[in-house]
Amino acid sequence: MNRHYGMDWLRIGAFGLLIFYHIGMVFVPWAYHAKIAHPIEWVTIPMQALNAWRLSLLFVVSGYASRAIFAADPSAGRFAWGRSKRLVPPILFAMVVINPIQPWVELTTQHGYAHDFGYFLAHDYFRIQKISGVSVPTWQHLWFVVYLFVYTLALSVGLLLPTRIRVAIAAGAGRALSGVLLLIVPIALLAANWAWSFPGIAETHALFDDPAAHRLYFPMFLFGFLLRESAPVWAAIRRWWRVAGVLALVAYGIVATVEAAYLKSAIPLDHYFWFGLVRGVQSWTSIVALLGIADRYLNHDAPGRAMLNEAVFPFYIIHQTIIVAVAGALLATPIAPLAEFGILLVATVLGCWLFYRLGRMIVPLRPLIGLRLSSAARRAAS
């Protein structure tokens with residue numbers, strides 16, 4: 001298949017929405033590394049528009065991109081090695097250099113930690129421990145990259161199967177997701193997962209004790225890998241994305257109504273099953289609708305697309321550290337929430353852009369912030 005520019009735009013948009021979402025986490029009552037002094041309950045309602053599907057979509061587009069990489073050089077070993085070189089250095093770099101300020105802000109603003117950042121870095125951060133329940137050292141939001149790396153290795157083992165077996169598996173999966181089954185099968189699986197586990201089994205993002213996350217995100221990654229070269233699945237998306245969009249809006253309306261009804265209290269236990277069921281519908285139909293929109297309206301190149309597509313990974317690496325650091329600093333200032341939101345948004349976008357542009361120019365930093373070495377950069381480094 002030729003390059004699908006709509007998937008590039010969807011990837012850019014998904015990571016852009018994640019920045020807004022993480023800024024929003026500063027203002028809601030949900031647990032996060034930095035909070036305003038008085039969280040605002042009603043902000044959870046617009047946050048629920050993204051909550052059910054934002055991460056699943058990221059794994060779908062990552063799986064799609066992985067298939068494009070594998071198609072260019074269909075060797076399981078080289079695929080695994082290439083992805084390892086791309087994903088592991090940013091994880092380690094972030095854990096050592098980018099992330100430490102996040103747990104420090106959380107500890108000092110929410111758990112009474114009394115030491116300054118220099119002391120924390122020199123004496124506490126690099127000891128494998130928990131401080132007031134906060135694990136250090138930590139990959140923080142880079143858990144997504146860790147999981148992507150692990151899923152890539154697992155997929156690479158599957159890619160060692162004979163070609164005829166892999167083709168048969170892909171064809172069977174394509175048939176299972178063709179036509180209206182594209183909506184029915186994943187919704188049934190997601191609804192079962194959320195209806196019986198939500199909210200009792202929380203995601204930990206700690207890799208080894210996170211079955212709830214793996215049940216959800218690994219299949220999404222595999223779906224993205226299948227999607228790139230599955231004509232039946234694309235045909236189903238083009239046929240059903242509008243219906244999926246309507247279902248997504250209806251499901252979100254129900255989720256928002258329930259959220260509004262219980263802003264100041266927990267959702268009753270007898271509502272868990274139905275709330276999880278609706279979240280399953282919202283999650284998958286939102287993804288199908290967005291895939292359809294990307295295919296129908298965004299499958300064309302435009303100025304800035306290549307640059308933004310490259311900038312996504314560095315933006316992801318740095319964005320949460322900026323948000324948490326700035327939000328922690330603003331906590332001591334008497335500022336209105338709307339003004340704080342504006343400051344966080346401007347600081348995050350500008351900080352991400354500066355991080356990307358500087359890292360792009362400094363050759364040794366490129367692989368550490370998720371950028372490939374260009375031909376000129378490789379020659380300069382050799």
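Only heavy atoms go into these numbers, but all of them, side chains included; no hydrogens, no water, no symmetry mates.
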**Asked** So among Phe223, Phe218, Tyr147, Phe144, which one has a ring pair (Phe, Tyr, Trp, His ring centres under 6.0 Å) with Phe59?
**Response**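 Between Phe59 and the candidates, ring pair (Phe, Tyr, Trp, His ring centres under 6.0 Å) is satisfied uniquely by Phe144.
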
**Item:** Candidate list Phe120, Phe117, Tyr119, test ring pair (Phe, Tyr, Trp, His ring centres under 6.0 Å), partner Tyr125, passing option
**Value:**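 Among Phe120, Phe117, Tyr119, the one meeting ring pair (Phe, Tyr, Trp, His ring centres under 6.0 Å) with Tyr125 is Phe120.
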
Distance-only, no hydrogens or angles: does the [X] side chain make a donor-acceptor pair with backbone N or O of [Y] under 3.5 Å?
X: Arg86; Y: Gly370; answer: yes
X: Ser156; Y: Thr152; answer: yes
X: Gln129; Y: Asp124; answer: yes
X: His33; Y: Pro103; answer: no
X: Ser283; Y: Gly280; answer: no
X: Lys130; Y: Val136; answer: no
X: Trp30; Y: Thr44; answer: no
X: Thr285; Y: Gly245; answer: no

Report yes if some heavy atom in the side chain of [X] is under 4.5 Å from a heavy atom in the side chain of [Y]; otherwise report no.
X: Leu190; Y: Val281; result: no
X: Leu216; Y: Leu55; result: no
X: Trp284; Y: Leu182; result: yes
X: His111; Y: Val134; result: yes
X: Leu92; Y: Val88; result: yes
X: Arg366; Y: Ile362; result: no
X: Val61; Y: Met7; result: yes
X: Thr108; Y: Trp104; result: yes

Is the centre of the [X] ring less than 6.0 Å from the centre of the [Y] ring?
X: Phe315; Y: Phe15; value: no
X: Trp53; Y: Tyr252; value: no
X: Trp9; Y: Tyr5; value: no

**Item:** Under-4.0 Å salt bridge between Glu310 and Arg305
**Value:**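 Looking at Arg305 together with Glu310, the answer is no, because their closest N to O distance does not fall below 4.0 Å.
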
**Prompt:** Is Asp8 salt-bridged to Arg3, cutoff N-O under 4.0 Å?
**Reply:**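 Yes, Asp8 and Arg3 are salt-bridged.
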
Please check if the number of heavy atoms outside [X] that lie under 6.0 Å from its [atom1] is greater than 12.
X: His38; atom1: NE2; answer: no
X: Tyr21; atom1: OH; answer: yes
X: Trp42; atom1: CH2; answer: no
X: Leu338; atom1: CG; answer: no
X: Trp353; atom1: CH2; answer: yes

**Message:** What verdict does the side-chain hydrogen bond (donor to acceptor under 3.5 Å, both in side chains) test give for Asp209 and Thr204, after you've listed the backbone C-alpha separation in whole Å, the side-chain angles of each residue and the deciding distance to 0.1 Å?
**Reply:** CA-CA 7 Å; Asp209 62 347; Thr204 68; 2.8 Å; yes

**Request:** For the pair Glu203 and Tyr217, evaluate side-chain hydrogen bond (donor to acceptor under 3.5 Å, both in side chains) and give the outcome as yes or no after the intermediate values.
**Result:** CA-CA 11 Å; Glu203 296 177 13; Tyr217 300 133; 2.8 Å; yes

**side chain to side chain contact (heavy atoms under 4.5 Å, CB included) between Lys35 and Val26, intermediate numbers included** = CA-CA 5 Å; Lys35 310 297 298 183; Val26 175; 5.7 Å; no

**Message:** Tyr64 vs His4, test: side-chain hydrogen bond (donor to acceptor under 3.5 Å, both in side chains). Steps then yes/no.
**Reply:** CA-CA 10 Å; Tyr64 186 94; His4 195 300; 5.0 Å; no

Exercise: do [X] and [Y] side chains pair donor with acceptor under 3.5 Å:
X: Tyr316; Y: His141; value: no
X: His22; Y: His319; value: yes
X: Gln140; Y: Gln320; value: no
X: Gln110; Y: Tyr32; value: no

**Prompt:** Given Met95 and Phe93, is the side chain to side chain contact (heavy atoms under 4.5 Å, CB included) satisfied, shown in steps?
**Reply:** CA-CA 6 Å; Met95 290 182 69; Phe93 178 68; over 6 Å; no

**Prompt:** Just one of Leu18, Leu344, Ile322 clears the side-chain contact (heavy atoms from CB on, under 4.5 Å) bar with Ile23, so which one?
**Reply:**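 Among Leu18, Leu344, Ile322, the one that satisfies the side-chain contact (heavy atoms from CB on, under 4.5 Å) with Ile23 is Leu344.
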
**Item:** Distance in Å, Met361 CE paired with Leu371 CG, rounded so as to fall on 0.5 Å steps
**Value:**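 Reported to 0.5 Å precision, the distance equals 12.0 Å.
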
